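Worth saying up front: this structure is predicted, and the values here are computed from it rather than measured.
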Amino acid sequence: MNITQRSYSTTITFDFEQDALTYTRADAYGSHSFQLPYGSIGMDPRMTSERNGTLFSGAILLAAWGMAQAAYTMIRGDLLGAIFMLPGGLCFLLHAALKTNITSLNSDEGEIAIMHDGNFERIMSEIRERRKKQLLDWYGNIDFGNDPEEEIQKFEWLHSQRIITSDQLQRIVNTIRNADTGDQDRFEDPAPPHQ
C-alpha cells in the first residue's frame with residue numbers, strides 16, 4: 001500500500017510493505033528516503049508545525065524592496081510611496097497564517113514526519129497495527145529456557161509499548177512463573193488493546 005501526502009513544496013510518501021516501511025520525503029531543500037522495520041518505529045509522537053520558507057524569503061526581499069521604494073518616493077514628496085511596503089507585509093502575513101501541522105515519530109533510521117491531512121489517521125493506524133504485529137512476531141514467544149525474570153521484563157516492555165494489555169501481561173507472567181516444562185509457547189493476542 002502506498003500513501004502520499006503533499007503540502008506546498010513538500011511531498012511525503014509512505015510505502016507499506018509486508019515487513020518494512022519505505023519513507024520518502026522531498027521538499028525544496030532536497031529529498032531523503034529510508035526503509036525500516038515497523039518494530040523500530042517509536043510511538044512517542046512529537047507535534048510540530050512547518051511554514052513555507054520560500055514565502056518567508058520572498059517576504060524579506062519584498063519588504064526590503066518596499067522600504068527602499070517607499071523611502072525614495074517619500075523623499076521626493078510622494079506620501080503614497082508607503083504603498084510599496086504592502087507586498088512584503090502581505091507575504092509576512094501569509095507566511096504566519098499558512099502552516100502545516102506535523103506529527104513526528106522517532107525511528108532507528110531517522111525522524112518520520114506525518115502531515116495532519118485526510119490520510120493522517122490512516123497512516124498512524126497502519127503504523128500502529130504493523131508495528132504491533134511485528135513486535136509480537138519478534139518478542140511474543142515465551143522462551144522457557146531463558147531466565148524467567150528476563151522473560152517477564154520482555155513482556156512488561158511489550159505492555160509499556162501498548163502491544164499487550166494488563167490482563168494479557170498478568171496471564172503471561174503467571175504462565176512463566178508456573179512453568180515446569182521446557183516447551184516454548186507463543187503468546188496469541190485474542191483482542192488487541194485500545195490505543
Side-chain angles (χ1 to χ4, degrees), residues 1-5 7 10-25 27 31-50 99-195:
M1 175 172 49
N2 191 306
I3 300 175
T4 301
Q5 297 182 301
S7 176
T10 302
T11 302
I12 300 175
T13 304
F14 298 87
D15 187 7
F16 292 95
E17 299 170 21
Q18 184 169 342
D19 293 326
L21 170 68
T22 301
Y23 172 82
T24 306
R25 179 176 176 148
D27 56 28
S31 69
H32 67 278
S33 180
F34 52 84
Q35 186 177 49
L36 68 158
Y38 298 106
S40 69
I41 301 172
M43 293 307 289
D44 296 322
R46 184 174 53 91
M47 301 279 296
T48 58
S49 57
E50 290 185 357
K99 67 179 180 178
T100 303
N101 291 323
I102 292 178
T103 293
S104 298
L105 302 174
N106 290 324
S107 74
D108 292 343
E109 297 294 324
E111 190 173 80
I112 298 172
I114 306 167
M115 294 181 199
H116 287 241
D117 64 1
N119 288 317
F120 174 77
E121 287 301 327
R122 186 170 158 213
I123 293 168
M124 287 296 289
S125 177
E126 280 295 320
I127 290 172
R128 267 190 221 104
E129 290 305 313
R130 291 173 187 251
R131 177 180 182 266
K132 178 180 179 175
K133 180 185 180 308
Q134 194 166 64
L135 287 175
L136 282 175
D137 286 345
W138 289 351
Y139 305 114
N141 294 327
I142 299 174
D143 183 358
F144 290 103
N146 202 1
D147 177 55
E149 290 306 313
E150 287 182 16
E151 283 299 297
I152 291 171
Q153 285 178 356
K154 176 176 75 173
F155 285 99
E156 286 174 344
W157 178 81
L158 286 173
H159 177 259
S160 74
Q161 297 295 308
R162 295 183 176 167
I163 304 301
I164 61 175
T165 64
S166 297
D167 291 340
Q168 293 165 334
L169 174 64
Q170 192 58 46
R171 284 196 317 264
I172 292 167
V173 169
N174 290 339
T175 301
I176 292 170
R177 290 203 170 126
N178 296 328
D180 60 340
T181 67
D183 295 336
Q184 187 181 42
D185 191 15
R186 166 145 176 83
F187 169 70
E188 292 295 332
D189 186 12
H194 179 68
Q195 296 184 17

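Taking 4.5 Å as the limit, some side-chain heavy atom of Met124 sits within range of a side-chain heavy atom of Met43. Arg131 is listed as a side-chain neighbour of Ile163, based on a closest heavy-atom distance under 4.5 Å. Here the side chains of Ile3 and Phe120 are not in contact, with every heavy-atom distance at 4.5 Å or above. Here the side chains of Glu149 and Arg177 are in contact, with some heavy-atom distance below 4.5 Å. For the pair Asn106/Asp44, no side-chain contact is recorded, criterion being any heavy-atom separation below 4.5 Å from C-beta on. Residues Thr13 and Asn2 meet the side-chain proximity criterion, which asks for heavy atoms closer than 4.5 Å. Under the 4.5 Å side-chain criterion, counting only non-hydrogen atoms from C-beta, Thr100 is not in contact with Thr10.
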Evaluation steps, salt bridge (Lys or Arg N to Asp or Glu O under 4.0 Å), between Glu129 and Lys132
CA-CA 5 Å; Glu129 290 305 313; Lys132 178 180 179 175; 5.5 Å; no
Is there a side chain to side chain contact (heavy atoms under 4.5 Å, CB included) between Ile164 and Tyr139 once you walk through the steps?
CA-CA 11 Å; Ile164 61 175; Tyr139 305 114; over 6 Å; no
Using the side chain to side chain donor-acceptor pair (under 3.5 Å) rule, take Glu109 and Ser40 through it: C-alpha gap first, then chi angles, then the decisive distance, then the call.
CA-CA 8 Å; Glu109 297 294 324; Ser40 69; over 6 Å; no
What's the verdict on side chain to side chain contact (heavy atoms under 4.5 Å, CB included) for Ile142 and Ile176, showing C-alpha distance, side-chain angles and the deciding distance?
CA-CA 8 Å; Ile142 299 174; Ile176 292 170; 3.8 Å; yes
Side chain to side chain contact (heavy atoms under 4.5 Å, CB included) assessment of Trp138 paired with Leu158:
CA-CA 11 Å; Trp138 289 351; Leu158 286 173; over 6 Å; no
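Under a 3.5 Å cut-off, the side chain of Gln134 and the backbone N or O of Asp19 do form a donor-acceptor pair. Using modelled atom types, one side-chain atom of Ser33 and one backbone atom of Tyr23 make a donor-acceptor pair closer than 3.5 Å.
Evaluation of the side-chain hydrogen bond (donor to acceptor under 3.5 Å, both in side chains) rule for Asp167 yields no partner, not counting sequence neighbours. With sequence neighbours excluded, the residues that form a side-chain hydrogen bond (donor to acceptor under 3.5 Å, both in side chains) with His116 are Thr103.
With rounding to the nearest 0.5 angstrom, the CD atom of Glu156 is 10.5 Å from the CD1 atom of Ile172. Interatomic distance, CG of Asp15 versus CE of Met1, reported as 9.5 Å (0.5 Å rounding). Distance check: Ile114 CD1 to Phe14 CZ gives 4.5 Å after rounding to the nearest 0.5 Å.
Counting only N and O atoms by type, the side chains of Asn119 and Gln5 include no donor and acceptor under 3.5 Å apart.
Taking the six-membered ring where tryptophan is involved, the planes of Phe16 and Tyr38 are essentially parallel, since the angle between them stays under 30° and well short of 60°.
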